[in-house]
**Student:** 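Attaching a single structure in structure tokens format; questions to follow.
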Amino acid sequence: MGEDARFGRSPRSLLHPWGVCGHPAHMNAYDPSAIEAKWQAHWAQERTFRTPNPGDVDFDASKPKYYVLDMFPYPSGSGLHVGHPMGYIGSDIVSRRKRMEGYNVLHPMGYDAFGLPAEQYAITTGRHPEETTRENIETYRRQLQSIGLSYDWDRELATCDVDYYRWTQWIFTRLYDRGLAYQTEVPVWWCEELKTVLANEEVIDGKSERGGHPCVRRPLRQWMLKITAYADRLIDDLDLVDWPESVKTMQREWIGRSEGAEIDFQIEGHGGDALRVYTTRPDTLYGATFMVIAPEHPLVERIASDEQREAVAAYARAAAAKSDLQRSELAKDKTGVDTGACAINPIYEEGDPRRRVPIFVGDYVLMSYGTGAIMCVPGHDERDWEFAKTFDLPIVAVVRAEDSPVPPADVPPAECRAGEGITCNSPLWDGLPVAEAKARAIDLLEARGAGTRKVNYRLRDWLFSRQRYWGEPFPVLHLEDGRHVRVPDEALPVELPDMEDFKPSEDGSAPLARATDWVHATEPLSGAAALRDTDTMPGWAGSCWYYLRFMDPQCSTAPLSPEAEDYWGNVDLYIGGTEHAVLHLLYARFWHKVLFDEGVVKTKEPFQRLFNQGMLTAFAYKDSTGRLVSADEVDLSGEKPRAMTSGEELEEVIAKMSKSLKNVVNPDDVCAEYGVDAFRLYEMFMGPLSDSKPWNPRDVPGSRRFLDRFWRLFVDLDGSDPLRSGLESNEEVEPAGEVLVVERALNQCLKRVDDSFQGFKFNTAVAGFMEFVNVASKKGLNGSQADRLVRAVAPFAPHMAEELWSRMGREGSVAHAEWPAVDERYLEADEYEMPVQILGKVRAKVMVPRSASREQMEAAALGAVSDKLEGKTVVKTIVVPGRLVNFVAK
RNA sequence: GGGGAUGUGGCGGAAUCGGUAGACGCAUCGGACUUAAAAUCCGAAGGCCUUGGCCGUCCGGGUUCGAGUCCCGGCAUCCCUACCA
């Protein structure tokens, strides 16, 4: 321990006169907090990022448009963590560059503010969701603004604003008018513990997402949206859109279109009763040796034989107690019971013993897909194979591999053969490949009236109602005679009534049902008494069309004006996480297509290009007992992380940032310590935007150090001038000598920055800036170079760029300056270090002119490795112009 | 079980068409400045062996003058999905 121990930590600053008052060491030092506050206030006051709309006096229709949208956040009580702004910073960089390139950039932000978490939070704290939501929005806005994101704040919206959800309701009425919204009795998740109905997405493995309480299915009358009517368009139009292939695949699979046939099997001894099945393999009809129907199938009770009736009923009861998920949990174990009934396979002639097939009830068949009954071809379907093996049922091979002999029909095959092949043991289409046999089989069945071509979808209609308070009320009135009508446009919005007690009811009925004054209404057209619908829309509703409202957020006559829609079109770039790959994006596309049919929009797809940012992870720390240690109680100063309190060495694990892992990092803290620009830069420097990567607090100071060096290029810390001399003028001069070296470095930097936008690899842009600053720190830079550098860095570190721009005496915001162009002439030096290889291995390096001919390159190379070629014969010489020379020598 | 993504130093990552692997940064080490420290600046550094080599981009094959990059086979990790007939 040295002398300084006497001073301790805090009195040390007394030695420095400027340390006493807490000001930076020099007036000229880089002081991010001062700069950032100054420019954020300036942007707000000048409305720098306001985007004029068609019709505004300052709107310039000659400029091309570019619409960059972030997936807006759900304003939770805990505020933003450093993962959220990752995509926002990326989209901000794109927006700022596009603006500098002369585009009218639409870059808005809002809040997905209706929904269950807010309501749940309100219930646990005893406060009204309106109040807590507004508070959370304040926090989010403050945090977003503090990051210097260039949103047009005049367009800010929240889905719970009356002026917004009025139009959500308006769109619902259009769905209603088109017959796309209907009510029906469907089983919904009920959680006894929470006394409430839960949405599918809130139930995981039969337990509530919050609290892990068991849930059961209950039938309830619900609003449904007929998204299945748009299934084909939702698949086909994926071709129009520039999205990651993985997301398109997920959507296609979610919709799950399949082509096949519905086939009727008469039931023996039941007169007209037929069992209708759906199959994608009508070509295997000759191999159908039994049937399985879902336990909920309406025919179950009727067809069961007397001997089997009790067993079948018991099985159906047991299945009802299980959820879909519980049923599939033990994926491989097939269960079922023989109903005792027999069906007639319509492909076999009368008198053929193979005509009669037994009917089983089994829960691997789902009532909710197809017809709830299947024909089973154990020879060519894995699941049927397992069932047949379990119950010792006959198996017939009716498809063979192309190069194998026809298997005998009376000997069960050794293994199941799903997929392609050549049909066999199938008299009416024997020898045809599977695809042709399918078509043939369907034609024959149709001719006989025993079946028909049919397309099925895995996608189900969208369960669109919640028995909850915090959502958009349905603009629907129920009349005394049982009919319902939608509320006319003039009577919109149907405002959510203010309720003291908004908790869900014990019996699962909607909280709005208790707002009796609100519920009792009159039908505007007839004046008849009516009751308001008391369900509310799910959280997804508001996010289905917010991107449209941003185009014209104040419009009071329509969701958006035709003029605004005409100009802005659709979203050019949509950035967000993969978690919305299916639901949100599918629902929004569905609504967009309805609005297209309605004439409200002229584009077929809402989001032209989609980009998914990667997930931000973080280190979490565990002690020897496996207990999690909060990240702010970990001492990282040494080589190994240690607990601050005990000094114990800790294990470091990488995990998603979450409260439960105690590894959440708040952007406010990072910005306060290192500055906003350093925070932005670090987030981009970590790696490609699409990659998942861990937040490493130890790396953040590096970005700040870079900004300090950048600043010092422009500002002399020891002087008092706002700018180093010679940097005010941006006059172009012919570069020579050292200036030429810097000019080349600058153009290489600008090129890298340009290229980094391809694929959102802003990490390489930051590296490019760092390399240039390293060069310029040694060799200096002139006014013209300084000018271009500041403009190029503006999208990345906008506050510092504005400050330097103003110190250079430029008029207006750098945000509206011109994006600096790369001058190709300076991209390459006259000479370069050429590697010389022998047998593909680098053996020497030699300086050659960039423009050297093949002969010159070869001669220079030969000179460099002549000693190493002694005693060897050069068999071949490969010369790659501008690259290298390789001698193949033996 | 199915689908997708990823795999490069101690760490995050770079490498446009197959052409010098490890840019840039972090951490580390050394030096300068300092009474000292911090900060800053300068420099070193993939691994192994005696200068010169050898080995190195998850593993095993292949194509090529030349492979992180292309082809075949395998392993690991992460994400999504779950009997859809």
Side-chain angles (χ1 to χ4, degrees), chain A residues 2-5 7 9 12 25 244-247 249-250 253-254 256 258 260 277-281 292 324-325 327-334 362-366 368-377 381-384 386-387 456-460 578-579 581-582 614-615 617 636 639 652 654 656 681-682 685-688 690-703 705-706 708-709 712 717 751-752 755 758 761 763-764 766-771 774 777 832-842 844-845 875-878 880 882-889:
Chain A
E3 288 271 339
D4 62 311
F7 294 103
R9 259 179 168 269
R12 194 169 55 213
E245 211 45 55
S246 60
V247 176
T249 304
M250 276 160 113
E253 286 177 358
W254 187 263
S258 73
V277 301
Y278 172 71
T279 180
T280 55
R281 296 297 304 273
V292 175
D324 279 3
L325 280 152
R327 280 197 202 180
S328 61
E329 241 169 325
L330 304 165
K332 290 293 161 193
D333 293 338
K334 296 282 178 289
D363 67 5
Y364 82 96
V365 175
L366 307 174
S368 50
Y369 184 77
T371 61
I374 60 171
M375 65 175 216
C376 297
V377 187
D381 183 285
E382 293 282 356
R383 297 151 302 184
D384 299 346
E386 286 157 22
F387 195 89
N456 246 320
Y457 302 93
R458 212 187 86 122
L459 180 72
R460 309 290 148 82
T578 349
E579 65 270 22
V582 177
M615 191 181 44
T617 53
L636 295 171
E639 271 198 59
E652 199 174 71
I654 290 179
K656 202 168 174 169
L681 231 34
Y682 173 62
F685 188 55
M686 289 170 75
S690 57
D691 288 7
S692 287
K693 44 208 176 286
W695 176 271
N696 188 346
R698 293 200 204 203
D699 287 345
V700 185
S703 296
R705 273 200 283 271
F706 160 70
D708 281 322
R709 303 186 71 198
R712 284 200 303 272
L717 302 194
K751 177 79 162 66
R752 280 185 86 176
D755 290 348
Q758 287 282 339
K761 295 182 170 194
N763 53 325
T764 64
V766 178
F769 283 122
M770 287 173 168
E771 279 182 275
N774 288 344
S777 295
Y832 76 106
E833 193 180 49
M834 181 185 76
V836 183
Q837 299 180 332
I838 298 172
L839 284 169
K841 287 187 176 158
V842 180
K845 287 169 189 177
V875 191
K876 195 176 172 187
T877 304
I878 285 123
V880 186
R883 286 277 188 191
L884 51 66
V885 174
N886 184 15
F887 294 108
V888 186

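Excluded from the calculations below are hydrogen atoms, water molecules and symmetry mates; all remaining heavy atoms, backbone and side chain alike, are included. A, B, ... follow the sequence lines: proteins, then strands. Residue 1 opens every chain.
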**Student:** What's the CZ-P distance between A:R458 and B:rG3, to the nearest Å?
**Tutor:**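 Interatomic distance, CZ of A:R458 to P of B:rG3: 15 Å.
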**Student:** With respect to the phosphate group of B:rA27, does any side-chain polar atom (N or O) of A:R705 fall under 4.0 Å of OP1 or OP2?
**Tutor:**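 For B:rA27, OP1/OP2 do have a side-chain N/O of A:R705 under 4.0 Å.
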**Student:** Between B:rC24 atom C1' and A:M770 atom CE, what is the distance in whole Å?
**Tutor:**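 The answer, rounded to whole Å, is 7 Å.
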**Student:** Closest-nucleotide mapping onto RNA chain B: is A:P694 or A:D708 further toward the 5' terminus? I mean the 5' end.
**Tutor:** A:P694
**Student:** If only side-chain N and O atoms of A:N696 are considered, is one of them under 4.0 Å from the OP1 or OP2 phosphate oxygen of B:rG13?
**Tutor:** no
**Student:** Can you check whether A:D755's main-chain N or O pairs, donor with acceptor, with A:K761's side chain at less than 3.5 Å?
**Tutor:** no
**Student:** Using whole Å, what does the distance between atom C1' of nucleotide B:rG25 and atom CH2 of A:W695 come to?
**Tutor:**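 Result: 14 Å.
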**Student:** Is A:R752 near enough to B:rU16 that one of its side-chain N or O atoms lies under 4.0 angstrom from OP1 or OP2?
**Tutor:**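 A:R752 to B:rU16 OP1/OP2: no side-chain N or O under 4.0 Å.
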**Student:** Quick check on RNA chain B: between A:G768 and A:V582, whose nearest nucleotide comes earlier from the 5' end?
**Tutor:** A:G768
**Student:** For B:rC55, take OP1 and OP2 only and decide whether either is under 4.0 Å from a side-chain N or O of A:K841.
**Tutor:**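 Answer is yes, contact under 4.0 Å.
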**Student:** How many whole angstroms separate atom CE of A:M250 from atom C1' of B:rA5?
**Tutor:**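 These atoms are roughly 11 Å apart.
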**Student:** Verify the contact: side-chain N or O of A:R883 to OP1 or OP2 of B:rC17, cut-off strictly under 4.0 Å; return yes or no.
**Tutor:** no
**Student:** Using the purine O4'-C1'-N9-C4 or pyrimidine O4'-C1'-N1-C2 torsion, is B:rC17 syn (within 90° of 0) or anti?
**Tutor:** syn
**Student:** Any side-chain N or O of A:N763 below 4.0 angstrom from OP1/OP2 of B:rG25?
**Tutor:** no
**Student:** Ignoring backbone atoms, test whether A:S258 places a side-chain nitrogen or oxygen under 4.0 Å from the OP1 or OP2 oxygen of B:rA85.
**Tutor:**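 True: A:S258 side-chain N/O within range (under 4.0 Å) of B:rA85 OP1/OP2.
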